[in-house]
Every structure is written in C-alpha cells, then in structure tokens.
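Read the numbers this way: they start at 1 and go in the same order the structure lists the ligands and their atoms. Predicted model, so just to flag it, every value in this text is computed and none were measured.
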Amino acid sequence: MKEIKKIAVLTSGGDAPGMNAAIRSVVRTGLKKGYEVYGVKRGYHGLLNGELEQMNTRDVSEILQRGGTMLMTARSKEFMEEAGQQKAKEILEVFGIDALIVIGGDGSFRGALDLSRIGVPVIGIPGTIDNDVSSSDFSIGFDTAVNTALQAIDRIRETASSHERCSVIEVMGRDAGYIAMEVGIGCGAECVLIPEVAFDLEQDVCQTLLTGRNMGKHHFIVVLAEGAGSAVEMAQKIEKITGIETRATVLGYVQRGGSPTAFDRMMASLMGIMAVECISKGKFNRVIVHRDGKIKDIDLEKALAMSKTLYAGSMDAVRQLF
Ligand code: ATP
C-alpha cells in the first residue's frame with residue numbers, strides 16, 4: 001500500500017449547512033494522523049484550475065456553526081468529460097495528493113467514481129439539503145433545511161390562520177420530495193405534493209380543502225416540492241376552484257443557509273473522522289453513509305447503484321392527521 005502523506009477535500013454541488021463541520025473534521029483528523037491536508041476551492045471547477053491550498057487547524061476555527069461552505073462550491077461541465085477528469089488527476093499529481101475527499105451529492109459521487117477508475121483514491125461524504133443521496137438515510141444539511149423551512153411555515157401559519165387563508169408553500173426539491181414530506185408532516189399541512197407521487201388538483205387538493213372548510217377548519221397549508229409544480233400557479237387555481245383566499249410563498253434559498261442543527265453538526269463531524277480513517281486503513285473508493293442509525297462506509301460503486309424511496313407511510317400520515 002502506498003504511504004499516504006497528503007490528502008485533499010472539496011465541496012461540490014449545492015452548498016448545505018454542516019459542510020463546514022465536515023471540512024473541519026476532515027482537516028483536524030487528517031492533521032492528527034500526520035497528513036498534510038489541502039482544501040480545494042470551488043469543487044471540481046476549482047480542482048481543474050489548480051485552486052488547492054494547504055490547511056492547518058486554525059484555518060477551520062469558527063466554522064463549525066456556520067452554514068454554507070468555506071471552500072465554496074461550483075458545478076463543472078468540463079469535469080464531466082473524460083479529458084476534464086484526466087486533467088483533474090494531473091492537478092492532484094502536481095500537488096502530490098494521495099487521496100481526495102468529496103463532500104456533495106450523488107452527482108459529485110459519480111464524478112468521484114470516474115476519478116477512482118483512473119486511479120485517484122476517493123472517499124465521498126453525503127452533503128445536500130435534498131437528502132436524495134441514494135445510499136444514505138440522511139445527508140448533511142437536510143435536517144437544518146427542514147428545521148429552517150418549518151420555522152418559516154410556523155410564522156406563515158399564524159398570519160394564514162388570522163386571515164382564514166390557504167397558504168401554498170413551495171420548498172426545495174426538484175427531483176425529490178424529502179424536504180416537502182418532512183416539513184409537511186412537521187407543520188401539519190393538509191396536503192403535501194411531491195414529484196414522486198402523481199396528484200389531481202381537484203380530487204387530491206381542492207376536495208381536501210373544501211372538506212376541511214366544511215368541517216370547520218379556518219386555515220390550510222399546502223406544501224409543494226418545487227419539482228411538483230409552481231406555488232404561484234397552484235394558489236391561483238386553488239382560489240379559483242374553491243373560493244378560499246389563497247396565497248403563495250416560495251421559501252427558496254432561505255432553506256439553504258443558516259447555522260447547522262446539532263444533528264447535522266454531529267453527523268458531519270463523525271463522517272469527516274470516518275472518511276479520514278478509511279484513508280488511513282487503505283480503504284478507498286468508499287462513501288460514508290448514515291444507514292439504519294449507524295455511520296458506516298460502503299463501496300462507492302455499489303452506493304451509486306442503490307435506490308432510495310420515501311418512507312411509504314409518510315403520505316398516509318399526512319392524510320391520517322388531516
Ligand atoms: P446536489 O444534490 O446539491 O445538487 P450533487 O453532487 O448531486 O449535489 P451535481 O450538480 O449533480 O450536484 O454535481 C456536482 C458536480 O459533479 C457537477 O458539476 C459535475 O462536475 C460533477 N458530476 C455530476 N454528475 C457527474 C457525472 N455523471 N460524471 C462525472 N461528473 C459528474
């Protein structure tokens with residue numbers, strides 16, 4: 001086994017609260033093991049530009065509690081091509097990097113897998129608010145995003161209730177309804193609309209709202225994942241069909257920022273340690289996951305072949321608690 005002297009870490013895809021906690025953990029664990037640790041700025045895009053800087057323990061002071069990512073993140077089309085990946089490998093060789101830790105979602109892990117196939121040892125850490133990393137029950141940032149959205153909705157609920165309105169609230173999730181579902185159950189939404197489950201506006205939404213009104217409900221919340229439609233259009237249609245005054249709110253990037261929750265800080269810190277420990281044990285091309293209540297490492301290729309679906313009972317829970 002080649003002796004490991006230098007490791008590098010980057011964040012890729014969308015930023016997520018808790019990425020900083022993971023960077024801090026990787027840097028400090030790496031330094032304790034005697035490695036030189038490099039931070040790559042701006043994900044794979046920065047890697048192709050050679051944006052690597054050596055990090056010491058003080059470089060990661062005071063970042064644990066901050067949202068975003070101190071290494072910044074970017075998306076790179078060039079890296080998706082074979083020539084880009086080859087160039088990335090050469091840059092890592094220029095800096096003498098023996099292993100690369102990638103914090104991001106499944107897209108970033110696909111890039112990492114491509115690098116591993118041309119001989120770069122890699123480790124993935126799941127970081128995305130969407131929670132759509134197929135191999136891990138939770139990804140860094142999801143818990144914070146859900147809590148941020150819930151706090152915002154609790155406020156909207158107070159005003160919606162005073163005005164006896166319906167609120168359609170659009171949360172993040174282009175392809176996955178994890179945020180919408182968790183937030184919907186957490187805020188007591190009448191309807192949760194997600195890309196994974198087809199719905200009929202008249203039957204599944206308007207009928208539910210009118211039934212609720214006839215039962216004496218004064219306000220209504222419809223949580224919509226961005227991939228399931230537009231809140232503004234849906235609010236207009238609901239008002240037209242039901243006659244209930246309806247307002248749309250798009251929470252947008254508010255959900256991405258903010259100080260990470262205790263859960264995200266803890267998970268990010270433990271995943272960072274395990275990522276470096278894998279490297280020190282010569283276990284490469286792994287993803288650190290949170291599965292069945294445990295943090296463990298699994299094969300990167302197998303991880304990317306996995307599929308994950310929403311907890312089957314969650315839509316029933318929304319209907320049950322209506
Ligand atoms: P998020 O869930 O926050 O969007 P992600 O990691 O899935 O995170 P992507 O935008 O899909 O985000 O991927 C980040 C970067 O990873 C891309 O800009 C690209 O450089 C690289 N990447 C994505 N998919 C692939 C792929 N199939 N092959 C090689 N590289 C990829």
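- Salt-bridge formation is not detected for the pair Lys5/Glu36: no Lys NZ or Arg NE/NH1/NH2 atom is positioned less than 4.0 Å from an Asp or Glu carboxylate oxygen.
- Not one N or O of Gly13 is nearer than 3.5 Å to an N or O of ligand 1, by distance alone.
- Around CE of Met266, the count of heavy atoms belonging to other residues, nucleotides or ligands within 6.0 Å does not exceed 12.
- Close N/O approach between Gln85 and ligand 1 is not found [any backbone or side-chain N/O within under 3.5 Å].
- Taking the six-membered ring for Trp and thresholds of 30 and 60 degrees, Tyr178 and Phe142 have ring planes more than 60 degrees apart, a perpendicular arrangement.
- Here the heavy atom of the protein found nearest to atom 22 (N) of ligand 1 is Gly107 O, 3.2 Å.
- Near Ser12, meaning under 4.0 Å from any of its heavy atoms, are these atoms of ligand 1: 14 (C), 15 (C), 16 (O).
- A salt bridge links Glu190 with Lys217: at least one charged nitrogen is closer than 4.0 Å to a carboxylate oxygen.
- Inclusion of Asp114 in the set of residues having an N or O under 3.5 Å from an N or O of ligand 1 is warranted.
- Among all protein heavy atoms, the one lying closest to atom 9 (P) of ligand 1 is Arg75 NH1, 3.4 Å.
- When the heavy atoms of Ser108, Gly127, Ala112 are ranked by distance to atom 13 (O) of ligand 1, first place goes to Ser108.
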| request: Starting from the C-alpha separation in whole Å, work towards a yes-or-no answer on side-chain hydrogen bond (donor to acceptor under 3.5 Å, both in side chains) for Arg28 and Thr57. | output: CA-CA 6 Å; Arg28 295 205 170 154; Thr57 192; 2.9 Å; yes
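- Scanning Gly84, Ala176, Ser76, Gly14 for the heavy atom closest to atom 20 (O) of ligand 1 points to Ser76.
- Annotation: Arg110 places no N or O atom under 3.5 Å from an N or O atom of ligand 1; distance criterion only.
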| request: Step by step, work out the side-chain hydrogen bond (donor to acceptor under 3.5 Å, both in side chains) result for Ser259 and Arg265. | output: CA-CA 9 Å; Ser259 182; Arg265 294 183 198 197; 2.9 Å; yes
| field | Step-by-step side-chain hydrogen bond (donor to acceptor under 3.5 Å, both in side chains) determination, Thr261 to Asn147 | value | CA-CA 8 Å; Thr261 57; Asn147 280 288; 5.0 Å; no
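- Taking every heavy atom of Asp106 and a limit of under 4.0 angstrom, the matching atoms of ligand 1 come to 7 (O).
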| Worked check of side-chain hydrogen bond (donor to acceptor under 3.5 Å, both in side chains) between His218 and Glu164 | CA-CA 5 Å; His218 293 300; Glu164 301 184 64; 3.1 Å; yes
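- Tested against Arg165 for a side-chain hydrogen bond (donor to acceptor under 3.5 Å, both in side chains), the candidates Glu239, His219, Glu245 yield a single pass: Glu245.
- Atoms of ligand 1 found under 4.0 Å from any heavy atom of Tyr44, numbered from 1 in the order shown, are 16 (O), 20 (O), 21 (C).
- Between Thr128 and ligand 1, an N or O atom pair is found at a separation short of 3.5 Å.
- Of all protein heavy atoms, the one lying nearest to atom 30 (N) of ligand 1 is Gly111 CA, 3.3 Å.
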